Amino acid sequence: MASSTSLLLPTAAAAARRSPSGHRAPPSAVLSPPRRLATLRCLGYARRRAQARHVVACASAASAGSLDALIFDCDGVILESEHLHRQAYNDAFAHFGVSCEPASAAATDAPLYWDEAFYDDLQNRIGGGKPKMRWYFGENGWPTSKIFETPPSSDSDKEKLDWKTERYKEILKYGTVKPRPGVLRLMDEVKGAGIKLAVCSAATKSSVIMCLENLIGLERFNGLDCFLAGDDVKLKKPDPSIYITAAEKLGVQSQNCLVVEDSVIGLQAAKGAGMSCIITYTPSTANQDFSDAIATYPDLSNVGLEDLKLLLQKSLPLGVFKINQMLDSEDADTFFENFCTVL
């Protein structure tokens, strides 16, 4: 009977584990004060650690969890075209008899001519054709022309100013220009995976359309989810307007877009829009500072969709990396204070 009674009556230890109201007390209530404090600190640390991991998971998914859109620049990325643009500029200067001081003072009265070294520097500092000419003539004096003695006012005369664009299109049409290595394969891979594809160029719209139709083909061109040219925005690269507009039209978050550029001007535009950027440099841009790019390649020959996804995932915001580092902290209070500071 004694043994059976002991089964029915609470022991002293069991009674101690119950609160005055009869409910079971938490384990920490029966511990000595130092051990109780240590237990509470550990429980609080674990809870805060779990909360931090949840925030990191959410931040990672929102910031770089998916590649929703791949955006190509055109000139220098889809094709190496700057030498063709330079040819078209010089042909236009010769056609219009454009001269600019001090060149016009030469005995030969030769038209303005941009050599390769000068044009490489110019095109890597200023995006867009008209901005290039406005800058040059602003620095060197406005030109004279054998065709226009005064600025053109009629529509027919203004159309003549598009001669450079038409000449560039003619060079493309009858030349032997080909897409850069890997471009078409990557475009097809992206579209096949259901990821949105876009082209954003600072060049004149008619010339970009001509370029894309001839180089990537009508089917790929018509399959683009977004196409923007210099005519579609007020400010040219390095201003980020064209990429911000592209994200809006595509209906995606900027951080889930990846841009392919060839120059620091394009890189600055992409970064200004909150987008990650990879570089496929050309001979004229190879020596530029691309430290803000997440990757740099000579071309896209060996770059696939899975490579791009991995690059974007690795380009997590700095705050997420800091939180991940803090998760390994041994001091709960320091961790929590730092965690709150980052958030």
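Keep in mind it's a predicted model, so treat the numbers as computed, not measured. Along the sequence shown, residues are numbered consecutively beginning with 1.
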Does any non-hydrogen side-chain atom of [Y] lie less than 4.5 Å from one of [X]?
| X | Y | answer |
| --- | --- | --- |
| L308 | V303 | yes |
| M187 | L197 | yes |
| Y297 | N302 | no |
| D91 | H95 | no |
| N214 | V177 | no |

I'd like to know if [Y] and [X] are part of one continuous hydrophobic network [Ile/Leu/Val/Met/Phe/Trp/Tyr, side-chain heavy atoms within less than 4.5 Å].
| X | Y | value |
| --- | --- | --- |
| L212 | F72 | yes |
| I71 | I242 | yes |
| L235 | I126 | no |

More than 12 heavy atoms of other residues, nucleotides or ligands under 6.0 Å from [atom1] of [X]: is that the case?
| X | atom1 | result |
| --- | --- | --- |
| D115 | CG | yes |
| E139 | CD | yes |
| N222 | CG | yes |

Quiz prompt | Partner residues of K205 under the side chain to side chain donor-acceptor pair (under 3.5 Å) criterion, sequence neighbours left out | solution =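 Testing K205 for side chain to side chain donor-acceptor pair (under 3.5 Å), a comparison that skips the adjacent residues, returns D232.
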Exercise. With I278 as reference, evaluate L312, D307, L70, I294 under the side-chain contact (heavy atoms from CB on, under 4.5 Å) test and give the passing residue.
Key: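 Among L312, D307, L70, I294, the one meeting side-chain contact (heavy atoms from CB on, under 4.5 Å) with I278 is I294.
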Self-check item: From D262, V77, T296, D299, residue fulfilling side-chain contact (heavy atoms from CB on, under 4.5 Å) relative to Y281
Solution: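 The single option meeting the side-chain contact (heavy atoms from CB on, under 4.5 Å) with Y281 is T296.
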Quiz item: Is R220 salt-bridged to D188, cutoff N-O under 4.0 Å?
Solution: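 D188 and R220: salt-bridged.
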Exercise. Before accepting this row, confirm whether a basic side-chain N of the pair K191/D225 lies closer than 4.0 Å to the acidic partner's carboxylate O.
Key: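 A salt bridge is present here (some side-chain N lies under 4.0 Å from a carboxylate O).
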Quiz item: Does any donor atom in the side chain of T282 or S284 lie under 3.5 Å from an acceptor atom in the other side chain?
Solution: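 Per modelled atom types, T282 and S284 side chains form a pair under 3.5 Å.
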With a cut-off of 3.5 Å and sequence neighbours excluded, list every side-chain donor-acceptor pair involving residues 263-276.
residue: S263; atom: OG; partner: G266; partner atom: N; Å: 3.3
residue: S276; atom: OG; partner: S315; partner atom: OG; Å: 3.4

Practice problem: Please state whether the rings of F93 and F137 are parallel, tilted or perpendicular, taking 30° and 60° as the class boundaries. | Solution: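 Perpendicular.
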Exercise. Verify whether the ring centers belonging to F118 and Y136 lie closer than 6.0 Å.
Key: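 They qualify: ring centres under 6.0 Å apart.
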